[in-house]
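In what follows, a structure is listed as structure tokens, so that the remarks can point back to it.
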Amino acid sequence: MNLPDDIEVKDIDILIIGGGTAGPMAAVAAKEKNPDASVMLLEKANVKRSGAISMGMDGLNNAVVPGHSTPEDYVKEITIANDGVLLQKGVMTYAENSFAMIQKLDKWGVYFQKDETGEYDMKKVHHLGTYVLPMPEGHNIKKILYRRLRRHRVTVENRYQAIRILKDAEGNACGCISLNSRTAEILVIRAKSVVMCTGAAGRIGLPASGYLFGTYENPSNCGDGHSMAFHCGAELTGLECYQINPLLKDYNGPACAYVTGPLGGYTANSKGDRFIECDYWSGQMMMEFYNELQGGNGPVFLKLDHLAEETIQEIEHVLHTNERPSRGRFHDGRGVDYRTKMVEMHISEIGFCAGHSASGVWTNEKGETTVPGLYGAGDMASIPHSYMLGAFVFGEICGVNAAEFAEGREFAELDMDFIISERDRILAPMKRTDGIPPSQFEYKVRRLVNDYLQPPKVTKKMDIGLQRLIAMEDDIQHLFARDAHELLRANEAQHVYDCAKMAAVASMYRTESRWGLYHHYVDHPETNNEDWFCHVQLHKNEDDEMVCKTRPIDPYVVELDDNEKNAYSQMRVQQAS
Amino acid sequence: MPIASQISMVPVVVDDDKCIAEKGCRTCIDVCPLDVLWINEETGKAHMKYDECWYCMPCETDCPTDAVTVNIPYLLR
Ligand SMILES: Cc1cc2nc3c(=O)[nH]c(=O)nc-3n(C[C@H](O)[C@H](O)[C@H](O)COP(=O)(O)OP(=O)(O)OC[C@H]3O[C@@H](n4cnc5c(N)ncnc54)[C@H](O)[C@@H]3O)c2cc1C
Ligand code: SF4
Ligand code: SF4
């Protein structure tokens with residue numbers, strides 16, 4: 001059987017989906033590993049300016065630099081911050097490759113801050129160790145990556161949304177189905193191995209502003225990768241360990257205690273008092289933040305008004321030109337000047353993100369998912385607290401391993417029936433003449449998430465939330481798109497919907513509380529190490545149902561002393577409590 | 001299921017006098033991660049077609065003629 005004319009097929013040895021941070025690194029690494037292989041980078045936006053680092057980055061949040069910390073120190077810190085539930089081997093692999101990656105980026109021209117002696121100018125932000133390396137001139141990082149892609153002759157396809165992973169008869173990943181967001185054309189890519197680098201699931205919850213695209217994450221990261229992984233049978237993990245961040249109220253960008261902290265700024269309550277020991281983002285820290293916000297001492301603020309003029313200018317230079325440069329305009333609009341006013345903060349909507357938290361598609365220390373030939377790196381995968389440098393390190397690892405997997409393999413026979421039925425499903429909203437606009441559907445899903453699924457988590461509430469979501473399943477067949485752009489949004493909205501259901505199912509499965517606010521389960525308020533010192537894996541069973549199972553935690557490679565385990569539980573400043 | 005269109009004040013403004021889209025420029029349209037900038041069929045200039053903006057600024061930064069201004073979306077201001 002041949003495919004109909006409206007479905008284009010391209011063959012490529014190694015397919016990388018998502019060209020933000022991890023993706024370009026994976027593509028370059030695959031080419032370096034095997035220069036004869038063809039490598040395609042498929043991107044929903046345009047690789048020149050896509051993803052979380054679109055405008056640059058303020059600094060490395062997790063640099064393991066000799067002389068300041070060891071990989072063992074780092075693994076310990078992340079183990080404690082993550083309440084013990086993690087694949088330590090994966091974090092160790094990151095930590096051991098962290099410094100080499102910094103040197104590689106440095107050689108490529110990425111500028112990291114150095115001190116008078118020419119050494120990396122490391123700052124302490126974490127609770128225990130020193131891991132933050134500022135990059136105040138970090139604007140050029142996407143340009144540098146783009147140059148590398150050109151040099152290695154990676155094939156780039158922009159404006160394609162990957163929608164489903166293809167599998168061969170043996171169950172190996174063998175490509176994907178994608179949609180052009182400008183022409184509504186379907187492109188099938190047949191590949192010998194696939195790396196997913198689709199970023200966080202940043203559109204599950206609704207920001208407090210109510211603006212669908214005013215999210216913490218770059219909204220092009222809407223959970224496509226999470227949904228694709230689920231539908232192709234891969235396991236996801238730790239989804240109940242939500243990502244929730246402390247942000248500037250309404251602007252919803254990072255307040256940047258990592259930038260301001262080393263210069264004397266801090267998170268304060270309405271009295272201007274410090275109430276948390278450490279501004280490094282963790283569930284435990286977020287719990288204290290939430291308590292302060294909801295208690296009589298709220299709201300919470302970023303306090304800089306006590307700093308010297310030069311320091312404020314330095315802070316403004318970084319925060320108003322890099323990473324989220326519209327921040328200065330936001331403050332101007334409200335008449336907020338760091339010199340005279342504290343800046344109001346709030347907490348973000350929920351999301352899935354391994355970059356900041358630990359939730360995502362299960363990957364091991366080689367970047368492998370549970371589907372052979374399918375790899376995952378960066379925010380969509382599951383190596384916890386990996387941030388930008390983790391995305392680069394695991395992007396590289398996945399690129400190399402995917403190139404090895406592809407070697408010697410033939411292109412698989414395509415499953416025509418599946419492709420045709422998917423084409424019909426993907427294009428359906430544009431075939432209708434009226435119906436439910438994607439924005440309304442998505443708004444409703446995300447509003448339900450806020451009402452029923454964000455912490456504090458309560459069984460009865462989550463149960464109602466899940467039932468309401470399940471009732472929306474029927475609405476999918478009425479989604480209506482007037483053009484290719486709305487069709488993109490309609491397909492995204494279905495992935496947002498999948499992620500919302502996953503958040504509910506995973507949260508109700510783990511009947512304990514863990515990770516501070518991230519999984520603060522009111523019906524089960526204590527941490528129960530006896531029954532729940534394990535991963536929770538969410539997957540699709542034989543009947544296509546969304547179910548969970550436990551997975552034991554692999555033996556640690558770095559043991560913790562008993563007195564270290566609780567370091568992150570003592571976040572509250574003593575005199576302020 | 002009948003539908004209605006609602007209007008929305010969009011955050012990104014393009015100065016038509018400065019925009020050189022008629023010379024083939026598509027820079028802001030290319031770099032926008034949310035694909036919300038398109039050519040306005042009536043004027044031939046770039047404009048914001050969908051109110052779905054992350055106020056991230058590549059459009060403004062990369063425009064060769066400084067024609068683009070990114071404002072904070074109204075709901076956030
Ligand atoms: C506002 C902000 C500030 C941050 N600050 C810091 C910091 O100072 N230091 C630090 O170390 N880390 C920081 N981080 C975290 C860091 O940026 C991320 O962890 C890292 O960049 C993630 O890389 P990634 O490749 O997983 O995702 P991204 O770089 O976001 O890339 C994902 C890409 O996938 C594309 N995509 C999504 N779905 C599809 C699809 N279906 N088909 C095709 N393409 C798709 C997207 O368009 C995007 O380009 C910050 C993050 C944010 C959001
Ligand atoms: S980048 Fe500037 S000049 Fe080019 S199309 Fe956009 S607004 Fe016009
Ligand atoms: S600010 Fe960002 S999202 Fe908004 S139009 Fe410009 S590039 Fe697009």
Side-chain angles (χ1 to χ4, degrees), chain A residues 20 43-46 48-52 54-55 139 142 158-159 161 181-182 202 207-215 217-221 248-253 321 323-327 329-334 432-437 439-440 475 478 480 482-486 488-489, chain B residues 1-15 19 21 24-42 44-77:
Chain A
E43 167 56 52
K44 191 199 266 183
N46 184 312
K48 281 187 186 157
R49 285 292 197 186
S50 59
S54 139
M55 290 298 281
H139 333 278
K142 281 298 267 186
N158 291 315
R159 304 290 170 198
Q161 179 199 17
S181 66
R182 296 213 170 137
S209 67
Y211 189 61
L212 282 177
F213 292 79
T215 48
E217 293 293 344
N218 185 324
S220 87
N221 299 339
L248 292 183
K249 176 97 170 50
D250 298 334
Y251 182 75
N252 225 14
T321 61
E323 198 173 288
R324 299 298 331 257
S326 60
R327 174 175 177 154
R329 280 174 207 185
F330 172 74
H331 292 318
D332 287 346
R334 296 201 173 180
R432 300 184 184 115
T433 51
D434 59 19
I436 305 169
S439 56
Q440 259 183 333
D475 299 348
H478 299 294
F480 167 55
R482 291 171 297 184
D483 57 25
H485 181 81
E486 289 183 357
L488 160 76
R489 295 286 181 246
Chain B
M1 260 178 269
I3 51 162
S5 287
Q6 266 177 327
I7 59 165
S8 183
M9 181 179 73
V10 296
V12 171
V13 183
V14 175
D15 183 338
C19 174
C25 182
R26 294 289 180 273
T27 300
C28 60
I29 295 171
D30 280 346
V31 294
C32 173
L34 297 172
D35 211 12
V36 291
L37 303 175
W38 290 63
I39 293 293
N40 183 336
E41 302 289 338
E42 275 164 37
K45 307 284 184 177
H47 80 138
M48 184 168 231
K49 188 172 174 194
Y50 306 91
D51 181 13
E52 303 167 337
C53 179
W54 196 44
Y55 39 102
C56 51
M57 307 228 316
C59 53
E60 178 177 316
T61 307
D62 295 349
C63 170
T65 64
D66 283 334
V68 183
T69 307
V70 176
N71 297 304
I72 302 296
Y74 176 70
L75 291 180
L76 280 59
R77 265 180 226 168

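Only this structure's heavy atoms are used, side chains among them; waters, hydrogens and symmetry mates stay out. Chain naming here is simple, since letters A, B, ... match the order of the sequence lines and numbering starts at 1 in each.
- In this structure, the portions of A:Thr215 lying under 4.5 Å from any heavy atom of chain B include both its backbone and its side chain.
- Ring pair A:His485/B:Trp38 is perpendicular by interplanar angle, where above 60° counts as perpendicular and below 30° as parallel.
- Of the two parts of B:Pro2, only the backbone, made up of N, CA, C and O, holds a non-hydrogen atom closer than 4.5 Å to a non-hydrogen atom of chain A.
- Note on A:Met55, A:Lys48, A:Arg324: by heavy-atom pairs under 4.5 Å with chain B, the leading option is A:Arg324.
- A donor-acceptor contact under 3.5 angstrom links the side chains of A:Tyr211 and B:Asp51, judged on distance only.
- Interface remark: B:Asp62 contributes side-chain atoms only to the contact with chain A (heavy atom separation under 4.5 Å).
- Proximity to chain A is absent for every atom of B:Tyr74, based on heavy atoms less than 4.5 angstrom apart.
- In this structure, chain B has no heavy atom under 4.5 Å from any part of A:Arg327.
- Residues A:Asp250 and A:Phe330 meet the side-chain proximity criterion, which asks for heavy atoms closer than 4.5 Å.
- Residues A:Ser439 and A:Leu212 are in side-chain contact: their nearest non-hydrogen atoms beyond the backbone lie under 4.5 Å apart.
- Proximity to chain A is limited to the side chain of B:Ser5, based on heavy atoms less than 4.5 angstrom apart.
- Highest contact tally toward chain B, considering only A:Asp434, A:Asn46, A:Asn252, A:Thr433, is held by A:Asp434 [criterion: heavy-atom pairs under 4.5 Å].
- Checking side-chain atoms of A:Lys44 against main-chain N and O of A:Ser220 turns up a donor-acceptor pair under 3.5 Å.
- Interface remark: A:Asp483 contributes side-chain atoms only to the contact with chain B (heavy atom separation under 4.5 Å).
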Kindly indicate, with the supporting measurements, whether the criterion side chain to side chain donor-acceptor pair (under 3.5 Å) is fulfilled by A:Tyr251 and A:Ser326. CA-CA 9 Å; A:Tyr251 182 75; A:Ser326 60; 2.9 Å; yes

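- By the neighbour-count criterion of 12 heavy atoms within 6.0 Å, atom CZ of A:Arg482 is sparsely surrounded, having that number or fewer from other residues, nucleotides or ligands.
- Your options are A:Arg334, A:Arg432, A:Glu43, and the one with the most heavy-atom pairs under 4.5 Å with chain B is A:Arg334.
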